[in-house]
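Remarks on the structure that follows.
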Amino acid sequence: PEATAASIAGWLVAELADVSPGAGPQEVGHDAAGRWTLGAVEETLAVPAGGASPLDGVDAPVVLLTGGARGITSAMAVALAQRHGGHYVLVGRSPLPEGEEDPATADAADLNALRRVMAEHSVGRSPREIEAEAQRLLKAREVRQTLAAIADAGATVRYVPLDARDTDALAALVAEVVATHGKLDGVVHAAGVLEDGFLLRKSQDAFERVWDTKVAPARALAAAVPDSVRFVAFFGSVAGAFGNKGQVDYGAANEALDKLAFALD
């Protein structure tokens, strides 16, 4: 904070002028002590046989997860339920699918099969409409499978349709979960969206959607969870450390998660 604008500009120009491919660090800082860098260091982690969990020994743990009931959030919730039982609250943007899938499409095992079935039964619909409906059906199918797998593990599960960027609603949900169960043992923040594109064509709104989906809920959750929580996990990305083509927003958001987790540790 005490650095002058001229000093900061000089540091920026010097770093930007270092264009040697593959050389130099990914992250650089300047402070009163001089120039410093962060880099990747290989390290062997000691993991107990069978793995360790912060929920080991917890009776009927209560865990809240953002990111819906699909993908990595689903895998995490099912794994925790199978190992620990307990209660799981899944937060996702999509509405909870109603009822069972239409028998006409239920036997279509994958996206290509769904496309074929729907093309046969969707006279007058455009390929774009068929594709959107097929994707919707697959997502709904995965949500149902996740909820069933958690229940089959002997745990209870609740799905809450909520945009994680609504930080007031997210904080209110945390308070409700604590009031209902008397505790909150763990939080997994895995919500994220991609809007890849070159910076030249990326809008401010698109950047903020990607950024806010990662960073705003993380900050809200960190502030709302009770002190007794046993773990808070943020799911980041290697793009946060090394970047990725078209993902300046996603890389920035995940790097912010890294630094927030570091500051909270």
Side-chain angles (χ1 to χ4, degrees), residues 11-12 14-58 61-68 70-84 86 88 164 184-194 196 210-211 213-265:
W11 295 332
L12 273 172
E15 298 299 344
L16 290 170
D18 181 10
V19 296
S20 49
Q26 299 290 333
E27 185 169 350
V28 177
H30 289 264
D31 58 21
R35 181 180 186 272
W36 52 268
T37 66
L38 295 180
V41 177
E42 184 175 351
E43 182 177 351
T44 301
L45 301 179
V47 179
S53 166
L55 297 179
D56 287 343
V58 178
V62 179
V63 183
L64 184 147
L65 306 95
T66 72
R70 303 170 50 244
I72 197 166
T73 310
S74 167
M76 175 66 87
V78 171
L80 288 173
Q82 291 174 340
R83 177 163 176 165
H84 300 289
Y88 297 85
L184 178 60
D185 296 299
V187 171
V188 176
H189 173 41
V193 296
L194 293 174
D196 293 2
V210 175
W211 171 273
T213 301
K214 281 285 184 183
V215 180
R219 296 178 65 184
L221 288 167
V225 294
D227 293 338
S228 58
V229 72
R230 298 178 70 92
F231 75 91
V232 176
F234 298 153
F235 273 58
S237 168
V238 70
F242 299 105
N244 199 17
K245 183 183 292 185
Q247 292 189 342
V248 63
D249 42 11
Y250 191 69
N254 282 288
E255 172 62 6
L257 283 193
D258 287 349
K259 291 299 186 290
L260 180 58
F262 183 80
L264 293 172
D265 188 14

Side-chain polar contacts of residues 39-47 - donor-acceptor pairs under 3.5 angstrom, sequence neighbours left out - could you list them?
none

For residues 251-263, pull every pair meeting salt bridge (Lys or Arg N to Asp or Glu O under 4.0 Å), keeping only residues two or more places apart or in separate chains. Glu27-Lys259, Glu255-Lys259

Check side-chain hydrogen bond (donor to acceptor under 3.5 Å, both in side chains) between Lys245 and all other residues, then give those that pass, not counting sequence neighbours. none

Measure from the side-chain N and O atoms of Thr213 to the backbone N and O of Gly192, and report whether any donor-acceptor pair falls under 3.5 Å. no

If you draw a 6.0 Å radius around CG in Leu194, do more than 12 non-hydrogen atoms from other residues or ligands fall strictly inside? yes

Trp36: what forms a side chain to side chain contact (heavy atoms under 4.5 Å, CB included) with it, not counting sequence neighbours? Asp31, Leu38

Checking Ala164 now: which residues fulfil side chain to side chain contact (heavy atoms under 4.5 Å, CB included) with it, not counting sequence neighbours? Ala191, Pro217

Please identify each residue that fulfils side-chain hydrogen bond (donor to acceptor under 3.5 Å, both in side chains) with Ser74, with sequence neighbours left out. Thr146

The side chain to side chain contact (heavy atoms under 4.5 Å, CB included) partners of Ala81 (sequence neighbours excluded) come to Tyr88, Ile150, Ala153, Ala155

For Arg35 and Glu15 the tightest heavy-atom approach is NE-OE2, 2.8 Å

All side-chain hydrogen bond (donor to acceptor under 3.5 Å, both in side chains) counterparts of Asp185, not counting sequence neighbours: Lys183

Without placing hydrogens or testing angles, list every side-chain donor-acceptor pair under 3.5 Å for residues 225-237, not counting sequence neighbours.
from   : atom 1 : to     : atom 2 : distance (Å)
Arg230 : NE     : Pro54  : O      : 2.7
Arg230 : NH2    : Pro54  : O      : 3.3
Ser237 : OG     : Ala239 : N      : 3.0

Restricting to salt bridge (Lys or Arg N to Asp or Glu O under 4.0 Å), what partner residues turn up for Asp56, sequence neighbours left out? Arg83

